[in-house]
Amino acid sequence: MRITILSVGNIKEKYLKDAILEYSKRISKFCKVEFISVPDEVISDNTSETDIKNKEALKLLAKLPENSYKIALNLKGEMLTSPELAEKISHIFSYYNSHIVFVIGGSLGLGDELLKKMDYHLCFSKMTFPHQLMQVILLEQIYRSFKIINHETYHK
């Protein structure tokens, strides 16, 4: 079993890097975790939001692992509870694929061409979070999912 976090932009803040490292260590007990990032596009007055999202989408598509179950973090996606996410992850690993890729867009979201290639769209909240922080939130929920799947206790 393998999980890839494919995202736009690099993590610069030490506290986020530390949290990502901690949750990656915890998850490694259950499966392999890898990170792939692509550079974010510079936002300027001359470039439309659609152009920026599409340029980032092309970079993400180039790095998208083949033969994987692809999940976009998308405000228009389905909202799940933690137990429902655990069930979804377990179901994917059991019946679809042993490799799940979670895709996190840049500050403007994900481009349409990339969204069309996704197997599932997941929404964590109707609120907007910085895409760097979203990696931490996602990893915590993946870790929580594995604890639920394995009937292990984890704080609520």
Side-chain angles (χ1 to χ4, degrees), residues 1-40 56-57 59-156:
M1 294 188 306
R2 192 168 83 190
I3 290 180
T4 299
I5 310 297
L6 175 59
S7 62
V8 173
N10 291 317
I11 306 294
K12 297 172 185 84
E13 295 84 0
K14 182 181 181 331
Y15 71 96
L16 292 174
K17 287 180 181 180
D18 290 345
I20 289 167
L21 182 61
E22 177 61 31
Y23 281 112
S24 297
K25 277 194 282 185
R26 292 181 187 192
I27 294 168
S28 70
K29 172 183 172 187
F30 303 103
C31 77
K32 182 180 179 196
V33 181
E34 65 181 346
F35 297 89
I36 302 171
S37 64
V38 300
D40 46 358
E56 289 175 347
K59 293 178 194 176
L60 290 166
L61 283 167
K63 299 285 185 173
L64 194 62
E66 294 196 24
N67 301 321
S68 60
Y69 191 93
K70 297 164 252 340
I71 299 176
L73 272 57
N74 182 352
L75 286 172
K76 295 178 183 170
E78 184 176 5
M79 292 181 77
L80 302 175
T81 64
S82 294
E84 289 170 338
L85 179 60
E87 184 178 328
K88 180 84 176 164
I89 288 172
S90 179
H91 187 77
I92 293 166
F93 280 145
S94 295
Y95 298 103
Y96 288 97
N97 205 306
S98 62
H99 186 188
I100 299 174
V101 178
F102 289 92
V103 183
I104 303 172
S107 60
L108 300 175
L110 295 167
D112 291 337
E113 287 305 309
L114 180 75
L115 290 172
K116 290 176 192 173
K117 304 269 189 209
M118 298 293 106
D119 297 306
Y120 185 74
H121 296 250
L122 176 64
C123 178
F124 272 78
S125 171
K126 295 298 180 187
M127 291 183 268
T128 303
F129 297 103
H131 55 283
Q132 298 91 345
L133 179 59
M134 197 60 230
Q135 281 193 40
V136 176
I137 295 168
L138 172 62
L139 287 169
E140 190 282 332
Q141 284 299 302
I142 292 169
Y143 175 65
R144 184 179 297 270
S145 292
F146 279 115
K147 296 294 270 187
I148 292 168
I149 291 165
N150 289 286
H151 308 287
E152 296 178 16
T153 56
Y154 185 59
H155 66 82
K156 296 185 184 217

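Please read these numbers as outputs of a predicted model, since none were measured by experiment. The chain is numbered in sequence order, starting from 1.
The two residues G9 and S37 make their nearest non-hydrogen contact at O-CB, 3.5 Å. Shown here for E78 and L122, the closest heavy-atom pair between the two residues is O-CD1, 3.4 Å. S82 approaches S145 most closely through the heavy-atom pair O-OG, 4.3 Å. When all heavy atoms are compared, the tightest approach of D119 to Y69 is OD2-CA, 3.4 Å. Considering every non-hydrogen atom in both L110 and L115, the closest pair reads O-CD1, 3.7 Å. Shown here for S125 and M79, the closest heavy-atom pair between the two residues is CA-CE, 3.8 Å.
Taken from CD in E56 to CG in D40, the straight-line distance is 6.0 Å, to the nearest 0.5 Å. With rounding to the nearest 0.5 angstrom, the CG atom of L60 is 5.5 Å from the CG atom of L114. The distance from atom CG of L80 to atom SG of C123, rounded to the nearest 0.5 Å, is 9.5 Å. The CG atom of L108 sits 10.5 Å away from the OG1 atom of T128 when rounded to the nearest 0.5 Å. Note that CD1 of I11 and CZ of F35 are 9.0 Å apart. Values are rounded to the nearest 0.5 Å. Taken to the nearest 0.5 Å, the OG atom of S90 stands 8.5 Å off from the CE atom of M1.
Of the charged side-chain nitrogens involved, none lies within less than 4.0 Å of a carboxylate oxygen, so that K88 and E84 do not count as a salt-bridged pair. Classification of K29 and E152 as a salt-bridged pair holds, one side-chain N sitting under 4.0 Å from a carboxylate O. Taking 4.0 Å as the cut-off between side-chain N and carboxylate O, E113 and K116 count as a salt-bridged pair.
Partner of I142 under the side chain to side chain contact (heavy atoms under 4.5 Å, CB included) criterion, out of I137, L85, V33, I3: I3 alone.
Ring orientation note: the planes of F146 and F93 are close to parallel, at an angle under 30° on the 30°/60° scale.
Of the possible polar contacts, one joining the N97 side chain to the N67 backbone as a donor-acceptor pair under 3.5 Å is found. K59 places a side-chain N or O within 3.5 Å of a backbone atom of P39 that can act as its donor or acceptor partner.
Side-chain atoms of S107 and H131, non-hydrogen and from C-beta on, do get closer than 4.5 Å to each other. Proximity of K76 to H121: side-chain heavy atoms (C-beta onward) are nowhere separated by under 4.5 Å. Counting only heavy atoms from C-beta outward, the side chains of V8 and I104 never approach each other to under 4.5 Å.
Q135 and Y23 share no side-chain donor-acceptor pair at under 3.5 Å.
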Legend entry - Full working for side-chain contact (heavy atoms from CB on, under 4.5 Å) between S68 and T4: CA-CA 9 Å; S68 60; T4 299; over 6 Å; no
Inset, instruction - Walk me through it: do K147 and R144 pass the test side-chain contact (heavy atoms from CB on, under 4.5 Å)? - result: CA-CA 5 Å; K147 296 294 270 187; R144 184 179 297 270; 5.6 Å; no
Inset, instruction - Report the C-alpha separation of I71 and I92 in whole Å, then their side-chain angles, then the decisive distance to 0.1 Å, and conclude whether the side-chain contact (heavy atoms from CB on, under 4.5 Å) test is met. - result: CA-CA 11 Å; I71 299 176; I92 293 166; 3.9 Å; yes
